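Atoms within each ligand, like the ligands themselves, are counted from 1 in listed order. Just so it is clear, the model here is predicted, and its values are computed rather than measured. When reading the values below, keep in mind they use all heavy atoms of this one structure, side chains included, and skip hydrogens, waters and symmetry mates.
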Amino acid sequence: MEGFRAQADRTARLLQATPGWQAVQALLPDYDSETVEAILREAAAFAVTELAPLNAVSDRQGCRIVDGRVKTPAGFAQAYRRYAEAGWLGMDLPEAHGGQGLPLTLQAACLPLFERGCVSMMMAAGSSRAACHLLAAVAEPALAEEWIGQLLAGEWTATICISEPDAGSDVGRIRTTAAQGSDGLWQINGVKSWISFGDHDLASRIGHCLLARTGKTAGTAGLSLFLVPDRMDGKTNGITVQRIEEKMGLHGSPTCILGFDGARGWLLGEEGRGLHALFHMIELMRLQTGCQGLGLASASADVAEVYAQDRKQGGPADRPPLPIAQHPDVRRQLSLLRRQTEVTRAAILESAARMDLARLSADEAERAQMRDFSAFMLPMIKTFGAEAGFDVSNRAMQVMGAAGYTKEWPVEQHLRDSRVMTIYEGTTGIQAIDFLTRRLWRDQGRGLAVFERLMREGIAAASADCPAAASAAEAALAVFLAMAAELSALQGDPEAALYRAEDYMRCAWAAVTAWMALRLE
Ligand SMILES: Cc1cc2nc3c(=O)[nH]c(=O)nc-3n(C[C@H](O)[C@H](O)[C@H](O)COP(=O)(O)OP(=O)(O)OC[C@H]3O[C@@H](n4cnc5c(N)ncnc54)[C@H](O)[C@@H]3O)c2cc1C
């Protein structure tokens, strides 16, 4: 419990130092510090009692196919139901749709606690929650009302159903087709792969938010979005589980190959605008991926710190050995892993708060700026949140020596579970391409300009109390701006620029890191 509680308290403290959140609080004064602290502590308690007991057991048990259906680890169905019933799933969904209407920032503040509790079970919650937002935005009102109600109750779940054997990063090569039947519904034919919780025993109905090809147009312009349930009118709906993958981690999350053979579904939004509509879901899931990584980084950092106090090695031979935490090299490693964790937390909170402001601010120009800033930050939050999960677990294992490499300690599971996070929801390479070609080139650096303004404000505010960190931030910003100028000038030579896209995004993150570090001083 202690680690979860400490994580909740750290989050509450960091929120107070987050300018974006201060601006949200000015608009929503009900969310004062006491209320926020109470919500975070409640989330920590839920994660400890309901989720954490499932984590190691589900890693060992994994998922199986029995009589053509997926069986998830023991306890998942009950925990999922309790998570939904307690209202966590609909935390930030508007009250008009049956949610609690809390700011996204608070959802993003609580989520790493749940991810730390049991990241594989949370895969089902993540896609179901994002689907609620998608349906609220694009589905016909009656369909939205029925599905959101059932999803929030935990009775039904939803997937994000994009990938196919020949369409991974290259979504435009999707082959699954949809054709409209005489009853107005659409018939789906094809194979989808890698679908998380594509089948399971947590709930009685699964809705797939699925991209399929309608008409002859090639590429993403020919894709439309559908809601395809596994059961229709009380009967099966032409969907079969062909296989579940044997993976390095996330063993409790079934990753399914699904066959669609005339499955019927509803069109969501406009024909030919499927990928555009699905971005309602994808954006939220990218932020969630950052929170997954942060949850596991928080867990591994705590384990390493506690272990380093207990484990005794070294020091003069005629005296009792010292806790390894006292050795300068171990202190350095602990400091690095803690810093990476807390910088990531600060960046996630700031980004989520700006996403709230993009919706809440009374001023249209301000809303537009916050949208640009959020779009600038999201590829980094997704990528470096995911990396924090793996890197911090890796560093924690190094601090722990051989013990960390065994299954007696949770760090090796966190390392395995986090590895995929830079792969799904858009690989690091794809995020970097977005960051360069859309955020810098297409948007003409609008998000970057807002970022620069906000970072300069942060530096100015910190310069009196922590001058060294403020000048380090100034220097990191200057390096990033120089690289941005260089790559802006390289638009005419995309091959050369794309070769450096990931370096460019890492350079931006170095600036974000230096900015966020000012809050940790
Ligand atoms: C555990 C797990 C769960 C998943 N859950 C889901 C899910 O629920 N729903 C779903 O739809 N999918 C899911 N996926 C699939 C996931 O989204 C894809 O794996 C991911 O999009 C990458 O596709 P790929 O694996 O085919 O890699 P590829 O697209 O083959 O990419 C391989 C490498 O090539 C690079 N690359 C590819 N194209 C380009 C390019 N144009 N320019 C530069 N570099 C490029 C990539 O960055 C990557 O490094 C899941 C995957 C896993 C492993």
- [ ] State whether D59 and R416 are salt-bridged, where the test is any N-O pair (Lys NZ or Arg NE/NH1/NH2 against Asp/Glu carboxylate O) under 4.0 Å.
- [x]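 A salt bridge is present here (some side-chain N lies under 4.0 Å from a carboxylate O).
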Quick one: ligand 1 N/O to protein N/O pairs below 3.5 Å?
| residue | atom | partner | partner atom | Å |
| --- | --- | --- | --- | --- |
| ligand 1 | 5 (N) | W194 | O | 2.8 |
| ligand 1 | 5 (N) | S196 | OG | 2.8 |
| ligand 1 | 8 (O) | S196 | N | 3.0 |
| ligand 1 | 8 (O) | S196 | OG | 3.3 |
| ligand 1 | 9 (N) | I160 | O | 2.8 |
| ligand 1 | 11 (O) | I162 | N | 2.9 |
| ligand 1 | 11 (O) | S163 | N | 2.9 |
| ligand 1 | 11 (O) | S163 | OG | 3.2 |
| ligand 1 | 12 (N) | S163 | OG | 2.7 |
| ligand 1 | 14 (N) | W194 | O | 3.4 |
| ligand 1 | 23 (O) | S169 | N | 3.4 |
| ligand 1 | 29 (O) | S169 | N | 2.9 |
| ligand 1 | 29 (O) | S169 | OG | 2.6 |
| ligand 1 | 47 (O) | T427 | OG1 | 2.6 |

Task: F46 six-ring centre to R82 NZ/CZ under 6.0 Å and within 45° of normal - done: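 Output no; distance or angle outside limits.
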TODO: Find out whether the Lys NZ or Arg CZ of R419 is both under 6.0 angstrom from the six-membered ring centre of F390 and within 45° of the ring's axis.
DONE: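 Satisfied, under 6.0 Å and within 45°.
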Assess the pair [X] and [Y]: is the distance between their ring centroids shorter than 6.0 Å?
X	Y	result
F480	W509	no
W266	W186	no
F114	W88	yes

